Amino acid sequence: MDAKNRFETKATFALSRLEWLGFLTVSLVLVFQHHAEIRWGVFVLLFVVIDVIGYIPGAIAFRRSPDRRVPRGYYVAYNVMHSLVTAGVLAGAWALFVRPEWALLALPVHLMGDRALFGNSLKPFGVAFEPETDPAFRVFEQRYHSVADSGESAAARTVEGTDAVRA
């Protein structure tokens, strides 16, 4: 994946998930090392607020929608609440206005868990709210793999229709 080819192969996606698993592991080790110092009510609140605001409303709307489409606002809510930037701002504000505390580890535990264990990151508007392979991406992947398997050079690997996945 690079700035001009914004997709992941199975191998690069697995490597990304492995990196996120490393961050999840560090976060969980810190949780276990400081379990006696964690205010567990705050930890649980910070852990669940991400999905209460960012996932559950969109998931309900998706399941209730006859055409499985949801308004963009649900995507925005999901992406804002599942952003590492938002987590950093929330943790910084909490540390500044409440106090620094180990319960803030709930934020990276949740976000790295989503990424490492479930493979979920931010949601683009053009795909279903719940994970399912987009037909245009399936076609792109098939074309990409058939060209890549043929041994052609990267310069010769022009795959017709690839712009469909760059929207």
Side-chain angles (χ1 to χ4, degrees), residues 1-32 42-65 67-95 102-145 148 154 157 159 161-167:
M1 180 164 94
D2 58 38
K4 299 288 183 181
N5 301 287
R6 296 180 307 271
F7 68 95
E8 302 264 12
T9 63
K10 288 182 181 182
T12 58
F13 187 62
L15 290 171
S16 292
R17 288 180 73 179
L18 190 59
E19 287 183 350
W20 297 326
L21 183 61
F23 286 111
L24 175 61
T25 302
V26 168
S27 299
L28 288 173
V29 165
L30 289 169
V31 166
F32 288 116
V42 172
F43 184 98
V44 169
L45 172 72
L46 291 170
F47 188 91
V48 301
V49 74
I50 294 169
D51 282 344
V52 166
I53 295 171
Y55 171 68
I56 294 172
I60 292 170
F62 179 81
R63 283 168 180 76
R64 289 185 176 169
S65 171
D67 63 358
R68 302 172 63 85
R69 299 181 74 165
V70 298
R72 286 182 173 220
Y74 291 111
Y75 289 83
V76 172
Y78 181 93
N79 290 340
V80 167
M81 293 307 295
H82 287 82
S83 166
L84 294 170
V85 173
T86 302
V89 168
L90 180 59
W94 189 280
W102 292 108
L104 293 169
L105 286 168
L107 300 170
V109 167
H110 182 123
L111 297 178
M112 293 300 101
D114 277 357
R115 286 163 169 77
L117 304 176
F118 304 114
N120 294 333
S121 188
L122 304 179
K123 293 185 181 294
F125 293 134
V127 300
F129 191 82
E130 291 290 359
E132 56 187 45
T133 304
D134 187 278
F137 187 74
R138 182 177 290 116
V139 169
F140 165 79
E141 252 188 338
Q142 289 168 345
R143 289 180 179 170
Y144 175 83
H145 289 299
R157 270 195 253 169
V159 180
T162 57
D163 287 341
V165 296
R166 292 188 184 178

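The basis for the numbers below is simple: all heavy atoms, side chains too, and nothing from hydrogens, waters or symmetry mates. Bear in mind the structure is a predicted one, so any value in this text is a computation, not a measurement.
Of the inter-residue distances, the one linking F118 atom CZ with R17 atom CZ reads 9.5 Å to the nearest 0.5 angstrom. The structure places CG of L15 at 12.0 Å from CG of L21, a figure rounded to the nearest 0.5 Å. Remark: L84 CG to M112 CE distance equals 4.5 Å, nearest 0.5 Å. In this structure, the separation between CG on D134 and CZ on F140 is 12.0 Å, given to the nearest 0.5 Å.
For the pair Y75 and L122, the minimum side-chain heavy-atom distance is 4.5 Å or more. In this structure, the side chains of L111 and F23 stay at 4.5 Å or more apart for every pair of heavy atoms. Within the 4.5 Å cutoff, the side chain of Y55 has heavy atoms near those of the H82 side chain. The side-chain heavy atoms of F129 and Y78, taken from C-beta on, include a pair separated by under 4.5 Å. Residues D51 and H110 have side chains in contact (heavy-atom distance under 4.5 Å, counting atoms from C-beta outward).
Using a cut-off of 4.0 Å between Lys/Arg side-chain N and Asp/Glu carboxylate O, E130 and R63 are scored as salt-bridged.
In terms of modelled atom types and a separation under 3.5 Å, the side chain of T86 and the main chain of V80 share a donor-acceptor contact. With S65 contributing its side chain and A61 its backbone, the two residues share no donor-acceptor pair below 3.5 Å.
Here the shortest heavy-atom pairing between L46 and L107 reads O-CD2, 3.9 Å. Closest of all the heavy-atom pairs between I53 and A77 is O-CB, 3.9 Å. Looking at every heavy atom in both residues, F62 comes nearest to R68 through CE1-O, 3.2 Å. Minimum heavy-atom separation, L24 to A116: CD2-CB, 4.5 Å.
Here the rule is side chain to side chain contact (heavy atoms under 4.5 Å, CB included) with V109, and of L104, V31, L30 only V31 fits it.
In the displayed structure, F32 atom CZ is contacted under 6.0 Å by at most 12 heavy atoms of other residues, nucleotides or ligands.
Between F43 and F47, the ring planes lie parallel to each other; the angle is under 30°, not in the 30° to 60° tilted range.
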